[in-house]
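Before any comments, here is the structure.
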There are 2 protein chains.
Amino acid sequence: MTKRLAEVAKKAGVSEATVSRVLNGRNGVSEATRASVLTALDVLGYERPTKLRGERGRLVGLVLPELQNPIFPALAEVVTASLAQRGFTPLLAARTIGGVPERDYIEMLLDHQVSGVVFAGGSYALADAEHGHYRALTDRRMPVVMVNAGVSDLGFPHISTDDAVAVEQAYGHLRSLGHERIGMVMGPEDHVPSRRKLAALEGKEIQVERTNFSMESARLAAAKLIDRGVTGMICASDVLALGSIRAARRLGLDVPGDVSVVGFDDSALMTCTDPPLTTVRQPIELMGQSAVDLLVNQIEGSGVEPDELLFEPELVVRGSTAPARKRY
Amino acid sequence: MTKRLAEVAKKAGVSEATVSRVLNGRNGVSEATRASVLTALDVLGYERPTKLRGERGRLVGLVLPELQNPIFPALAEVVTASLAQRGFTPLLAARTIGGVPERDYIEMLLDHQVSGVVFAGGSYALADAEHGHYRALTDRRMPVVMVNAGVSDLGFPHISTDDAVAVEQAYGHLRSLGHERIGMVMGPEDHVPSRRKLAALEGKEIQVERTNFSMESARLAAAKLIDRGVTGMICASDVLALGSIRAARRLGLDVPGDVSVVGFDDSALMTCTDPPLTTVRQPIELMGQSAVDLLVNQIEGSGVEPDELLFEPELVVRGSTAPARKRY
DNA sequence: CACCCCCGATGAAACGATTAAGTCGTCGCT
DNA sequence: AGCGACGACTTAATCGTTTCATCGGGGGTG
């Protein structure tokens, strides 16, 4: 058995040094050689030796888009607990408005020699942003799991709520209450879960407004929808739903009397809102645990196919939806 | 310049391998040799080469009691952003019910060679638990900052909201509304911020109930208070306040018509609750930044006196308080 | 057009830590 | 005493990383 790195080097027809550079994402390697090294790496199924794998570190990056929306702390809690149980420690990378760009976070995590990374929250950056820095992850064979996130073409396993089912539940609920003009308050155009939700209702007559994920921006979007005569709104998150409720009230309308609102997530405290929010629950605990399972499996070597695990959401009916009022 | 590890080995009169083992905490080294290696390490001021620690410093532990109460994610967000700006990365240690004990967390953080630790949330464990594992921190001269937390006798600097002012604001507010029988829903007996709040109202006639920090336990506590004729309640967190509101409703009472409730924190979404919560706001952003300031100052060497920084809270009046109804 | 300089890409070799295998001595049991 | 087992330690092999020299081409310059 020849030396491990050397073997790869021979296969690729380069020196060990060059392979090392590729592995660490250093520059000073031409695009052509980098590619050939990567395929050689792939063919031989190279794995980093224990000592460099951060086996000692047992750190895992946890990348969240924000912490204002309670669903993300909830996920963080599950993931943290699950990781701790298996002897890993989460490195928290929460993006903030105007904060550090995602690429820097990834770099930071790589610097700290994390054994893996959990991305959560379908940050829109994941969809449209240049994928350069994700390649740094694939190049290093970094175990990655994405929760409700985009970028499906990188070969990472995904954990997602079934957006199609979720949105159909919400839509069906509103229809069965007699709502005919239904609107959606979604995330940005390149937010993958929002895209999927829209796709699921393809063909139905639906008004759509996009927002970033702030309550205020949701208020604006919802106001526009109401202006167009919408009586039922499906929102891409609970926070957006709360913003939509606020919009209705600003216009002198009652929720759920005049306008019905359905949220998404069923994050904490939604039973305490005014009115209690009807929402589609994500099985966040299960999802968090599965994410950790998948990640640890990758880390410990047992291969994982880059599949997507779809979890079934569940409609929770509370007080923000009611039969449509006939408009005369 | 001789090889680095080899130099230490010569100084200590052992082989490189042995030094390596000491460095990595492996066993198979006698106590005597370990000690001599350590002194040699100390004398020569050995530092691990870059490639092995990957800038392993620059980690900061962030210890939170839970993530369900939105105030902690809010703090985490501020601290994370502030740390990132200065090139540090937070290691998240969130305690969960029945999860890993605090001592293990501290051990874990030390294992990862963090440069400092931020404790938040006045976990009651901090007050009564044996302080043995905190000694591990002082022993290592570990920079520490505590936010709203206990254990004042260990020489760590503190960042706190002025609990006395907070509770006086709440109390004054309720009194000025005509409430005479006032109750408090506080944390466990050894929760330091709760103690302080109680101390501030020493002498006043106040009913007190203790809870852990769950909404359900608050509901029970509040029910007892209401039973005793209380019409105004001061709660140690917003979540407890929501539980108290729920208690009142279960008893067929209106909030704020029959019972007024004041929260504490002003965490996210409290404008959306039913009714919107009157609460005492903690300047969480300022506090988080100050915490990081203090911590980084310690880390970078400029000494910091183990003082306590007290931040002024601010009463935010919303809809959960109203004039007392005369009881006939 | 010839020359030179600069710079990116690359490999050879030095480097530095880790680990496997082997050595030595001591302790305990027969 | 003899034997075996085990712990402590070294030797030597191992493996990835880094430094430094080299190569080669593009483009500006005389």
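So you know, we letter chains A, B, ... as the sequences are listed, proteins then strands, and number each from 1.
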Reckon [X] has a side-chain N or O less than 4.0 Å from the OP1 or OP2 of [N]?
X     : N      : result
A:T18 : C:dG11 : yes
B:R4  : C:dA17 : yes
A:R21 : C:dA9  : no
A:Y46 : D:dC15 : no
B:T33 : D:dA8  : no
A:S30 : C:dT10 : yes

Below 4.5 Å, heavy atoms only, C-beta onward: do [X] and [Y] meet side chain to side chain?
X      : Y      : answer
A:L41  : A:L23  : yes
A:F72  : B:P73  : no
A:V147 : A:V118 : yes

Rounded to whole Å, how long is the line connecting atom [atom1] of [X] with atom [atom2] of [N]?
X     : N      : atom1 : atom2 : result
B:E16 : C:dA20 : CD    : P     : 17 Å
A:L5  : D:dC15 : CG    : P     : 10 Å
A:K10 : C:dG11 : NZ    : P     : 15 Å
A:R34 : C:dT10 : CZ    : P     : 10 Å
A:N27 : C:dC7  : CG    : P     : 15 Å
A:L23 : D:dC15 : CG    : P     : 15 Å

Query raised in the report: What's the closest nucleotide to the B:A17 side chain, out of C:dA17, C:dT19, D:dG16?
Result: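 The answer is C:dT19, which lies nearest to the side chain.
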Query raised in the report: Looking at D:dT11, C:dG11, D:dG16, which one has an atom nearest to any side-chain atom of B:S15?
Result: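 Nearest to the side chain of B:S15 among the choices is D:dT11.
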Requested in this report: With heavy atoms under 4.0 Å as the rule, sort A:R26 into base, sugar-phosphate or nothing.
Outcome: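 Result for A:R26 = sugar-phosphate.
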Requested in this report: For the pair A:E312 (side chain) and A:D162 (backbone), establish whether a donor and an acceptor sit closer than 3.5 Å, ignoring hydrogens and angles.
Outcome: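 Checking the backbone N and O of A:D162 against the side chain of A:E312, no donor-acceptor pair under 3.5 Å is found.
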Report task. I would like to know whether B:E308 and B:S160 meet side chain to side chain donor-acceptor pair (under 3.5 Å); could you show each step before the answer? Result -> CA-CA 7 Å; B:E308 175 163 34; B:S160 308; 2.6 Å; yes
Query raised in the report: If you find the nucleotide of DNA chain C closest to B:V19 and the one closest to A:V29, which residue's nucleotide is nearer the 5' end?
Result: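 This one resolves to A:V29.
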